[in-house]
Amino acid sequence: MSVKDLTTNSLNEIYKKISPVIPEVEWKFHAPLIQKINKLKKEKNAVILAHNYQTPEIYHGVADISADSLALALESAKTSADIIVLCGVHFMAETAKLINPEKKVLIPDMNAGCSLASSITGKDVRMLKEKYPGIPVVSYVNTSAEVKAESDICCTSANAVKVVESLGVDKVIFIPDHYLANYVQKNTKVQIISWQGTCIVHEKFTAKEVQDIRKENPDIKIIAHPECPPDVISSADFAGSTSNMVSYVKKNQPKKILLVTECSMSDNVRIENPNVQFITPCNLCPHMKTITLNKVYDCLRNESNEIKISHNIATMARKSVQRMAEIGR
Ligand code: 13P
Ligand code: SF4
């Protein structure tokens with residue numbers, strides 16, 4: 001997680017930092033918006049939380065906190081701001097709203113979805129609970145509030161094994177990411193019953209492309225997100241959440257690195273680790289990329305796109321998120 005004090009950062013300082021990944025011609029469009037958003041933030045006592053997959057102009061230009069989905073949830077609980085603008089996808093903004101029912105939570109684009117969140121509904125979870133009576137449901141935070149409301153506890157890729165083992169049972173229903181479920185199964189004795197959801201970004205990576213890159217770059221370190229297929233994870237040196245990837249690079253300073261995940265990750269982490277060479281391929285998340293500076297500005301100025309969750313669903317879903325927060329990372 002990185003926390004920034006943009007009040008002391010001039011526009012020039014921001015550009016100096018992000019110039020390796022943003023050409024000057026593009027910066028001319030971003031700079032006035034960055035200035036206006038940071039001014040508006042102070043006037044409205046707003047905070048901007050951004051996921052690690054947000055573009056560098058959002059991550060380094062306007063975000064107060066940028067992090068993985070677990071840290072975004074935990075940090076949203078600590079803010080004293082009146083308004084939270086969540087630069088990420090819809091389930092992340094919903095999670096922030098569950099934790100902060102009294103605050104205004106805005107998302108710059110209401111259509112920023114997630115293939116995992118849309119792979120399962122509350123009705124599907126009720127059907128699973130009927131099929132496996134008495135087995136607790138662990139839902140990945142990449143789910144709707146309705147699905148969280150039907151679950152016993154949430155988790156993210158940063159704490160999935162810890163959450164599953166915290167229940168003290170020998171079997172759990174783990175939804176909806178089939179590959180994350182597979183990763184958890186490899187790291188615990190608890191029996192995992194999974195669902196067939198996948199992430200459209202991570203399912204595209206193949207073990208062959210990862211192995212070919214290693215052949216061409218024998219000194220490379222490879223980190224895969226646990227949403228990747230199992231043979232991709234086993235071809236990597238390390239698997240971890242997006243913030244675990246950031247920490248790995250900062251701590252180990254490898255000569256060369258491949259982050260097997262969304263494209264903006266490498267751009268954002270490269271800026272803070274100038275001595276590390278980042279090798280791509282990467283895949284874009286079309287949902288994350290619906291968030292732009294223009295939309296951040298509009299939603300903060302108009303206080304539009306407010307997240308609303310019905311009282312009954314919010315009360316039940318909040319319990320699952322709070323149980324996860326108590327377990328932490
Ligand atoms: P993290 O929890 O690792 O940030 O991942 C969220 C996500 O959507 C990955 O695709
Ligand atoms: Fe969802 Fe995958 Fe995009 Fe993450 S990268 S928000 S899991 S579609």
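Values reported hereafter were calculated over all heavy atoms of this structure, with side chains retained and with hydrogens, waters and symmetry mates removed. One-based numbering, in listed order, for ligands and for the atoms of each. Position 1 is the first residue of the sequence, and the numbers go up from there.
- Shown are the protein N/O/S atoms under 2.8 Å from atom 2 (Fe) of ligand 2, given by residue and atom: C199 SG.
- No hydrogens or angles considered: a donor-acceptor pair under 3.5 Å links the side chains of T121 and D124.
- The local environment of CG in D170 is sparse, with at most 12 non-hydrogen atoms from other residues, nucleotides or ligands closer than 6.0 Å.
- L284 pairs by the side chain to side chain contact (heavy atoms under 4.5 Å, CB included) definition with E262, C263, K289, not counting sequence neighbours.
- Side-chain atoms of N283 and K204 include no donor-acceptor pair closer than 3.5 Å.
- Other residues, nucleotides and ligands contribute more than 12 heavy atoms inside 6.0 Å of the CD atom of E43.
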Show, in sequence, the C-alpha distance, side-chain angles and deciding distance for K221 and F238, and conclude whether the side chain to side chain contact (heavy atoms under 4.5 Å, CB included) test is met.
CA-CA 8 Å; K221 290 286 177 204; F238 173 75; over 6 Å; no
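- Within the structure, side chain to side chain donor-acceptor pair (under 3.5 Å) pairs that include any residue of residues 106-119 comprise D109-K295 (at least two apart or interchain).
- Without hydrogens or angle criteria, R323 side chain to D152 main chain gives a donor-acceptor distance under 3.5 Å.
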Between K44 and E303, is the salt bridge (charged side-chain N to carboxylate O under 4.0 Å, His left out) condition met? List the steps.
CA-CA 10 Å; K44 293 191 178 232; E303 296 182 26; 2.8 Å; yes
Trace of the side chain to side chain contact (heavy atoms under 4.5 Å, CB included) decision for D68 with M245:
CA-CA 10 Å; D68 67 0; M245 290 182 177; over 6 Å; no
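- Residues of the protein with a heavy atom under 4.0 Å from ligand 1 are H51, Y53, D68, S69, N142, S157, H202, H225, E227, S241, T242, listed by chain and number.
- The atoms of ligand 2 that sit less than 4.0 Å from any heavy atom of Y53 are 5 (S).
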